[in-house]
There are 2 protein chains.
Amino acid sequence: MPETRIQSRNRAAILDAGLEIFSRYGFRGATLDQIAGEAGLSKPNLLYYFQSKEAIHRALLLQLMDAWLEPLRDIDPAGEPLDEMLDYVRRKLALSRDYPRESRLFANEILSGAPHIDDTLASTLRDLVDGAAALIADWVAEGRLAQVDPHHTIMSVWALTQHYADFDVQVRAVLDTDDPLRGAEAHLTQLFDRLLRPGA
Amino acid sequence: MPETRIQSRNRAAILDAGLEIFSRYGFRGATLDQIAGEAGLSKPNLLYYFQSKEAIHRALLLQLMDAWLEPLRDIDPAGEPLDEMLDYVRRKLALSRDYPRESRLFANEILSGAPHIDDTLASTLRDLVDGAAALIADWVAEGRLAQVDPHHTIMSVWALTQHYADFDVQVRAVLDTDDPLRGAEAHLTQLFDRLLRPGA
DNA sequence: CGTGCATTTTACCGATTGGTCAAATCATTG
DNA sequence: CAATGATTTGACCAATCGGTAAAATGCACG
């Protein structure tokens, strides 16, 4: 039996509401009543579509991880190293701009010790990072990127791009601008260009 | 009436326990029972020393903000610009290394929209940042630092140093090392050196 | 129409939440 | 020692937590 219109609509509404609430208060801080209210449904109706609070959270985390790692997968080994890296930074920043709630959901999960991320997910993450790090190491060895630690470089991209989404409130308070992401792209491009551009 | 030995001991134990729990679960996710258990006191005994759950949280946030901004205050306008900036990065990273719970507490507060940080605190923060940014701008104008956006540069220091504390689990999973902070200092020094060192 | 299934609601459950209160205990000082 | 204030505890509260059961409703289709 395929999913009916009403099913997909409500499931989507619940996931969207869950994203809103979980990303703001974390798993433990979020309540089903809040999520139900945000979704415009009653609490028992929520639990008609998802077996438990954790099931909603798990579904969100799963669909997140895939999208989150996509920019890393899109680095082209055959491309021009510096361009590939700068494009990677821009793609990751775009993700932070377009999906700040997903970013905060992930941040909350990590902050609380990643209790809902199992070993499979963790090793997938590590394999992907190790692959990209190996690629960067090759580029460095060929002299097509400046000398850097590949793993720390990837971590830096994550730290900086994610910061603009996760610390939105802080960024706005300190920068006093309506669109902090605009200046961010120029700044981050400059930063990683100077870090990675091979010496003359 | 001065604070007795037993008072200061229990107050300290409560604040330490609160830091542990709040930093892991956020304000809403933390419970007084958890904090009481961690502090080795009964829940009513907690509330003998602090009026409410929020009072504990507020006390923690207050003592945190001061320590957190100290490295920024310690930048010496009379010093050598690049050295001052790199020292600032190292001081901030040391804070992340030595006080990861404070860092996570702050991150949790910002993630949930900073509901407990009032206007006074926010403007203090902004004034300090604006002051440091003005100093950096001067140094850039004098040609003693490379062309950068001062505000975004400060934000980058925060993002990178804080990341190593807040995302400890992720950092360890990806880097596979016991002491991720060791490599971090070398990497961040290199990164900010290349970003800020004035061109030849 | 009416039958059957999907959907929603009302009422409720035991456990836990932040917090209170008065009684009990402890420690200090005269 | 006695007394006095500081500290701690157990019992308890209303509200809220995640979740359940069953009845009520909506809806598609013969």
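Quick caveat, the model's predicted, so the values are computed rather than measured. Chain identifiers are assigned alphabetically (A, B, ...) following the order of the sequence lines, protein sequences preceding nucleic acid strands; residue numbering begins at 1 within each chain.
Relative to the side chain of A/P44, the nucleotides C/dG18, C/dT10, C/dT8 differ in distance, and C/dT10 lies closest. Side-chain proximity of B/Q7 to D/dC17, C/dT17, D/dT7: nearest is D/dT7. When each of D/dG18, C/dT9, D/dT20 is scored by its nearest atom to the side-chain atoms of A/L32, the top-ranked nucleotide is D/dG18. Side-chain proximity of A/K43 to the nucleotides D/dT7, D/dG19, C/dG18 is greatest for D/dG19. Relative to the side chain of B/D33, the nucleotides C/dT17, C/dG19, C/dT8 differ in distance, and C/dT17 lies closest. Nearest to the side chain of A/Y49, among C/dT7, C/dA11, D/dT9, sits C/dT7. For A/S52, counting side-chain heavy atoms from C-beta on, the closest listed nucleotide (C/dT17, D/dG19, C/dG19) is D/dG19.
The two residues B/K53 and B/R28 have their closest heavy-atom pair at NZ-O, 3.9 Å.
Rounding to whole angstrom units, CG of residue A/N45 and P of D/dA24 are separated by 18 Å. Look at CD on A/Q34: it is 16 Å from P on C/dT17, rounded to the nearest Å. The distance from atom NZ of A/K53 to atom P of C/dA15 is 18 Å, rounded to the nearest whole Å. Nucleotide C/dT20 holds its C1' atom 19 Å from the CZ atom of B/F50, rounded to whole Å. Rounded to an integer number of Å, the gap from A/R5 CZ to D/dA28 C1' is 10 Å. Distance CD (A/E54) to C1' (D/dC17): 15 Å, rounded to an integer number of Å. D/dT16 atom C1' lies 15 Å from atom CD1 of A/I35, rounded to whole Å. In this structure, B/Y25 atom OH and D/dC17 atom C1' are separated by 17 Å, rounded to whole Å.
Residue contacts for B/I6: at a heavy-atom cut-off of 4.0 Å it reaches the sugar-phosphate backbone alone, with no base atom in range. Residue A/A30 is in sugar-phosphate contact alone, with no base atom involved, counting any heavy-atom pair closer than 4.0 Å across all strands shown.
Comment: B/D83 does not engage B/R90 in a salt bridge, judged by the lack of any side-chain N to carboxylate O separation of less than 4.0 angstrom. In this structure, B/D74 does not pair ionically with B/K92, as no charged nitrogen and carboxylate oxygen lie closer than 4.0 Å.
Cation-pi contact between A/R11 and A/F50: present, with separation from the ring centre below 6.0 Å and deviation from the ring axis of at most 45°.
For the pair A/H163/B/H163, no side-chain contact is recorded, criterion being any heavy-atom separation below 4.5 Å from C-beta on.
For the OP1/OP2 pair of D/dT7 and a distance below 4.0 Å, the side-chain nitrogens and oxygens of B/Y48 include at least one atom meeting the criterion. For the pair A/S42 and C/dT9, the criterion of a side-chain N or O lying under 4.0 Å from OP1 or OP2 is met. At C/dA6, none of the side-chain N or O atoms of A/N10 fall inside 4.0 Å of OP1 or OP2 (strictly under the cut-off).
Comparing A/Q51 and A/T31 by the nucleotide of DNA chain D that holds the closest heavy atom to each, the one mapping nearer the 5' end is A/T31.
Just one of A/Q63, A/R104, A/R101 meets the side chain to side chain contact (heavy atoms under 4.5 Å, CB included) condition when paired with A/L19; it is A/R101.
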